[in-house]
Amino acid sequence: MHTEKKLKSELKYDGNIIKVYFDTVELENGKEATRDVVRHKGAACVAPLTDDGKLIFVRQFRYPIGKELIELPAGKLDTIDEDPYLCAVRELKEETGCTAEKITYLGDFISTAGFCDENIRLYMATGLDFGDMKLDEDEFLDTLQIPLEEAKKMVLSGEIIDGKTQALVLKVCALTESK
């Protein structure tokens with residue numbers, strides 16, 4: 001098994017969502033190297049699947065890339081020890097107004113392992129009950145329902161470019177196709 005040993009870690013930035021460290025590590029061959037490391041509390045992403053086979057997406061502006069994206073509802077954990085399942089329940093209600101009879105864990109998504117430890121837990125929500133959205137005061141988005149097969153085509157064509165959404169759409173497709 002390959003590994004690296006942390007020798008030194010220096011906090012360079014302590015933000016609202018991330019912390020950035022400059023680490024010195026010892027490699028397997030005994031040499032030293034440096035690593036820029038982004039630490040993140042984690043997040044949850046949920047694929048709300050309607051009874052008639054549509055996924056509920058959100059369309060929102062993403063400042064870092066300067067455009068609107070089509071994404072599945074998601075959000076960061078409020079604390080490092082928050083249960084990701086409860087985060088998924090909260091984000092589903094906030095961003096779509098839905099509650100679910102069943103929320104199934106479908107695995108983890110590590111967004112950018114080369115420099116970041118963000119782990120997004122992936123869920124599928126079924127047996128949806130529709131209600132009012134509870135958006136954060138700084139959150140502006142629209143919801144849209146897209147048939148599952150069309151969503152898969154949008155992922156494969158590059159129309160849906162968000163990584164966690166791509167992975168979760170394809171997981172839900174694989175899961176529902178095997179039934």
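Note that the structure is a prediction, hence the values are computed from the model and not measured.
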Any residue meeting side-chain hydrogen bond (donor to acceptor under 3.5 Å, both in side chains) with [X], in chain and number order, not counting sequence neighbours:
{"X": "K12", "result": "E10"}
{"X": "T143", "result": "none"}
{"X": "K19", "result": "D14"}
{"X": "T96", "result": "none"}

For the hydrophobic clusters of this structure (ILVMFWY residues joined by side-chain heavy atoms under 4.5 Å, transitively), does one cluster hold both [X] and [Y]?
{"X": "L122", "Y": "L92", "answer": "no"}
{"X": "I160", "Y": "L175", "answer": "yes"}
{"X": "V172", "Y": "F57", "answer": "yes"}
{"X": "V46", "Y": "V155", "answer": "no"}
{"X": "L144", "Y": "M154", "answer": "yes"}

Considering residues at least two apart in sequence or located in another chain, which fulfil the salt bridge (Lys or Arg N to Asp or Glu O under 4.0 Å) criterion with [X]?
{"X": "E91", "answer": "none"}
{"X": "K153", "answer": "none"}
{"X": "R35", "answer": "E4"}
{"X": "D23", "answer": "none"}

I need the minimum non-hydrogen distance between [X] and [Y], along with the two atoms involved.
{"X": "L55", "Y": "A151", "result": "CD1-CB, 4.3 Å"}
{"X": "P84", "Y": "L77", "result": "CA-CD2, 3.8 Å"}
{"X": "L7", "Y": "V25", "result": "CD1-C, 4.0 Å"}
{"X": "G75", "Y": "C87", "result": "O-SG, 3.4 Å"}

Around atom CG of N16, are there more than 12 heavy atoms of other residues, nucleotides or ligands at under 6.0 Å?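 Result for CG/N16: open.
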Validation row: [X], [Y] side chains within 4.5 angstrom (heavy atoms):
{"X": "P73", "Y": "P48", "answer": "yes"}
{"X": "L148", "Y": "T176", "answer": "yes"}
{"X": "E32", "Y": "L27", "answer": "no"}
{"X": "Y123", "Y": "L72", "answer": "no"}
{"X": "E95", "Y": "L141", "answer": "yes"}

Contact list for residues 58-80, test side chain to side chain donor-acceptor pair (under 3.5 Å), sequence neighbours left out: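 Non-adjacent pairs meeting side chain to side chain donor-acceptor pair (under 3.5 Å): R62-E71, E71-K164, D78-R90, T79-D81.
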Remaining members of hydrophobic cluster (4.5 Å side-chain criterion), I17: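 Other cluster members: Y13, I18, V20, V38, F115.
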Contacts under 3.5 angstrom, residues 97-109 side chains, donor-acceptor by atom type, not counting sequence neighbours:
residue, atom, partner, partner atom, Å
Y105, OH, D108, OD1, 2.4
D108, OD2, N119, ND2, 3.0

The criterion is side chain to side chain contact (heavy atoms under 4.5 Å, CB included); which residues satisfy it with D52, sequence neighbours excluded?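 T50, K54.
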